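Step one of this worksheet: look at the structure below.
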Amino acid sequence: MINNSLSNLLLSLSTKERTEFERLLNARSSWLSIRSEVLPLYTYLAPFLDKGIFPDRQTIHRALFPDEAENDQRIRRYMSYLKKSLERFIAIQEVMQQDSLTDQFLLQAYRKRGLNSAFESASKRFQKRNPSLESGNENDQYNAFKFHLEQYNYYAGRTGQGLKEIPAILDSLDKFYIINQLKQACSILTHQRISSFSHPMPILETLLPYIEASDLLKVPSISIHFNSLMTLRPIANHEEGEQYFRNLKRDISNLSTHFKQEELRQIYTIAINYCIRQLNIGKRRFLREVFDLYKSALQAQILLHDGQLSHLTYKNIVSAALKLGEFTWTDGFLHQYKAHLELEHQEDSFRYNLSKLNFSLGKFREAIALLNRHQTDDLFTQLDSRLLMIKSYYELGEFDFVEYQMDAFRQLIRRQKHKSYHLQHYQSFLKLMRGLILQKPPTELIKAIGASEAPAENEWLLEKVQELKG
């Protein structure tokens, strides 16, 4: 087989890219630093690309040099030449897709060649094609920095004209630096919440007050990343923390056109996770907030990555919608986005979430039927399915089946070698279910529910206790 790096690179080419690469090879383009050995090797390999099959080096040698003794080093060298040509080709392709970058190189080339009128015309075109340079994201700020620096170099020594560019150079450089500091700080705080990773950020103690006291919040990318960061930071004053969240929602609504999909996905995730944290401490009003964010992100296709929706996000959206009683919307969502789920999770995730909808609609038999067909290797999805099965049988008054499912639930938990704190949620639920079945005094049950580690089930459990009170 061809070495992985070359085969992966070849397979990554689109049909259009392959056509262009072949054209340049045949034209002996100096752009690719073409060596005579590259064309015959690529010509031999090209038919294999569509099949995804790559011959080994011995086979290649026999095809290219049928009358010569095998020389492994020779084929390795040819493959190295081909790989270098491919790398130069994809690098050039990347540059060509970024108009502002090619414009900068053009300005630089005109300046170095002393083509003054061409430089000045290109400068005007650059400014016209990039109207958001002074207020855009970090790429815009970097492009603005490079543009003004090029202007400075062009005007240097011309009766001080270059000095006029210095404030713009420093301003765009400052904004570029600040935006990236905020983005990296958001990334660090996000990782700190889900892992033991930590990194000191002393500069924030100076930078954040400076941003708030200046006009920098008028820059869209600074505003949205500043509010993202403040939403992530632990703030003693909850009202102040919530105000940053409100600011972030405003920015998402007003400034989304300034950002690429990947960046917007990260920003939405920060806002959604803030709502989830608030829900976890009992602030139910954030249920509508998180649902609205999910709907907005779906509409903008922010949650789709390469056309796929995570099965975990799918589940979280359904949970929020059902708690709000959005049953018709949930049914439409389940069917509309089923095809976007990862193939390995598609059927099982759809069945599980459809069973949750049926449970919420009081269709407990239908929910159980779907759960009995639900198969997954994911531990927590298995546990959630068992939990829903227990609740469904309880609602039907079939307590023998409740007991059976609870025993199966306990055994599943006991089999786990690595005890996770997440399992405490399920163990707490089983303990409270035991109290319900034994019909312990309602006051005792209510107190236990309030102190439980299964907050997601508290509403249902309290409803069942009220039914016991009659």
Side-chain angles (χ1 to χ4, degrees), residues 311-339 341-416 422-423 425-439 445 449 452 454-468:
H311 67 286
L312 297 175
T313 302
Y314 187 74
K315 175 184 171 184
N316 290 339
I317 293 171
V318 169
S319 294
L322 292 179
K323 287 175 183 176
L324 288 167
E326 298 276 357
F327 303 135
T328 302
W329 185 93
T330 303
D331 186 54
F333 167 77
L334 284 171
H335 289 85
Q336 180 182 350
Y337 283 90
K338 176 185 176 182
L341 293 170
E342 310 98 313
L343 282 176
E344 65 268 31
H345 297 292
Q346 194 172 98
E347 289 300 330
D348 285 332
S349 185
F350 175 74
R351 286 195 195 105
Y352 170 71
N353 286 287
L354 186 57
S355 70
K356 288 177 68 176
L357 173 60
N358 279 307
F359 178 88
S360 298
L361 292 170
K363 299 178 180 179
F364 306 119
R365 295 282 179 207
E366 289 89 336
I368 291 169
L370 285 163
L371 291 168
N372 280 328
R373 295 169 58 201
H374 180 246
Q375 296 178 341
T376 178
D377 295 329
D378 180 71
L379 169 63
F380 293 108
T381 305
Q382 290 181 47
L383 291 168
D384 285 338
S385 297
R386 290 281 183 184
L387 187 151
L388 190 56
M389 189 85 83
I390 290 168
K391 289 165 62 175
S392 296
Y393 278 122
Y394 184 91
E395 291 283 6
L396 292 167
E398 298 180 7
F399 299 115
D400 288 343
F401 284 108
V402 173
E403 293 280 6
Y404 174 81
Q405 291 294 334
M406 287 176 66
D407 286 341
F409 204 177
R410 289 190 192 93
Q411 291 174 28
L412 181 58
I413 292 174
R414 288 194 196 104
R415 287 199 298 269
Q416 306 315 308
H422 291 99
L423 295 179
H425 165 90
Y426 300 100
Q427 291 168 328
S428 179
F429 173 77
L430 285 174
K431 185 177 179 180
L432 292 168
M433 278 302 302
R434 171 60 55 195
L436 268 180
I437 292 170
L438 296 175
Q439 296 190 0
L445 286 171
I449 291 168
S452 80
E457 307 304 328
N458 282 359
E459 190 172 337
W460 181 84
L461 289 164
L462 286 170
E463 182 183 313
K464 300 305 112 183
V465 171
Q466 292 302 321
E467 290 175 5
L468 283 179

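Model, not experiment: these values are computed from the prediction.
- Within the model, atoms CD1 of Ile368 and OG of Ser385 stand 12.5 Å from one another, a figure rounded to the nearest 0.5 Å.
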>> Go through it in stages, so that I can follow the logic: the residues are Leu354 and Lys338, the test is side chain to side chain contact (heavy atoms under 4.5 Å, CB included), and I'd like the CA-CA distance, side-chain angles, deciding distance and then a yes or no.
In response: CA-CA 11 Å; Leu354 186 57; Lys338 176 185 176 182; over 6 Å; no
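- With sequence neighbours excluded, no residue forms a side chain to side chain donor-acceptor pair (under 3.5 Å) with Thr313.
- Residues Ser355 and Ala367 come closest through the heavy atom pair O-CB, 3.4 Å.
- For the pair Leu361 and Glu366, the minimum side-chain heavy-atom distance is 4.5 Å or more.
- Take Tyr337 and apply the ring-ring contact (aromatic ring centres under 6.0 Å, His included) test, not counting sequence neighbours, and it matches Phe333, His340.
- Leu432 approaches Leu445 most closely through the heavy-atom pair O-CD2, 4.4 Å.
- Residues forming a side chain to side chain donor-acceptor pair (under 3.5 Å) with Asn358 (at least two apart in sequence, or on another chain): none.
- Taken to the nearest 0.5 Å, the CG atom of Leu312 stands 11.0 Å off from the CD1 atom of Ile317.
- The shortest heavy-atom contact between Lys356 and Lys315 is NZ-O, 4.2 Å.
- Counting non-hydrogen atoms of neighbouring residues, nucleotides and ligands closer than 6.0 angstrom, the CD atom of Glu463 exceeds 12 such neighbours.
- Taking each heavy atom of Tyr314 and Leu334 in turn, the nearest pair found is OH-O, 2.7 Å.
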Side-chain atoms of residues 323-332: list all donor-acceptor pairs with protein atoms under 3.5 Å, sequence neighbours left out, distances to 0.1 Å.
unit_1: Glu326; atom_1: OE2; unit_2: Arg288; atom_2: NH1; d: 3.2
unit_1: Glu326; atom_1: OE2; unit_2: Arg288; atom_2: NH2; d: 3.3
unit_1: Thr330; atom_1: OG1; unit_2: Glu326; atom_2: O; d: 2.6

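- Looking at heavy atoms from C-beta onward, His425 lies out of side-chain contact with Phe380 at the 4.5 angstrom threshold.
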> Could you go step by step and tell me if Ile413 and Leu383 meet the side chain to side chain contact (heavy atoms under 4.5 Å, CB included) rule?
Replying inline: CA-CA 8 Å; Ile413 292 174; Leu383 291 168; 3.9 Å; yes
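- Of the inter-residue distances, the one linking Leu396 atom CG with Phe401 atom CZ reads 10.0 Å to the nearest 0.5 angstrom.
- We find the CG-CZ distance between Leu387 and Phe429 to be 4.0 Å, quoted to the nearest 0.5 Å.
- Every ring-ring contact (aromatic ring centres under 6.0 Å, His included) that Tyr394 has, sequence neighbours left out, goes to Phe399, Trp460.
- Within a 6.0 Å sphere centred on CZ of Arg373, other residues, nucleotides and ligands contribute 12 heavy atoms or fewer.
- Nearest heavy-atom pair across Arg351 and Leu370 is O-CB, 3.9 Å.
- Inter-residue side-chain proximity for Phe409 and Met389 is flagged as unmet; no heavy-atom pair is nearer than 4.5 Å.
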>> For a side chain to side chain contact (heavy atoms under 4.5 Å, CB included) check, start with the C-alpha distance between Asp384 and Tyr426, then their side-chain angles and the critical distance, and finish with the verdict.
In response: CA-CA 9 Å; Asp384 285 338; Tyr426 300 100; 2.8 Å; yes
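- Sorted by first and then second residue, the pairs that involve residues 397-406 and meet side-chain hydrogen bond (donor to acceptor under 3.5 Å, both in side chains), not counting sequence neighbours, are Arg365-Glu398, Arg386-Gln405, Glu403-Arg434.
- Here CE of Met433 is found 6.5 Å from CD1 of Ile390. Values are rounded to the nearest 0.5 Å.
- Residues Gln427 and Lys431 are not in side-chain contact: their nearest non-hydrogen atoms beyond the backbone lie 4.5 Å or more apart.
- Rounding to the nearest 0.5 Å gives a distance of 4.0 Å between CD of Glu395 and CZ of Phe364.
- In Glu342, the CD atom is crowded: over 12 heavy atoms of neighbouring residues, nucleotides or ligands sit closer than 6.0 Å.
- Below 30°, between 30° and 60°, or above 60°: for His311 and His345 the angle between ring planes is below 30°, a parallel geometry.
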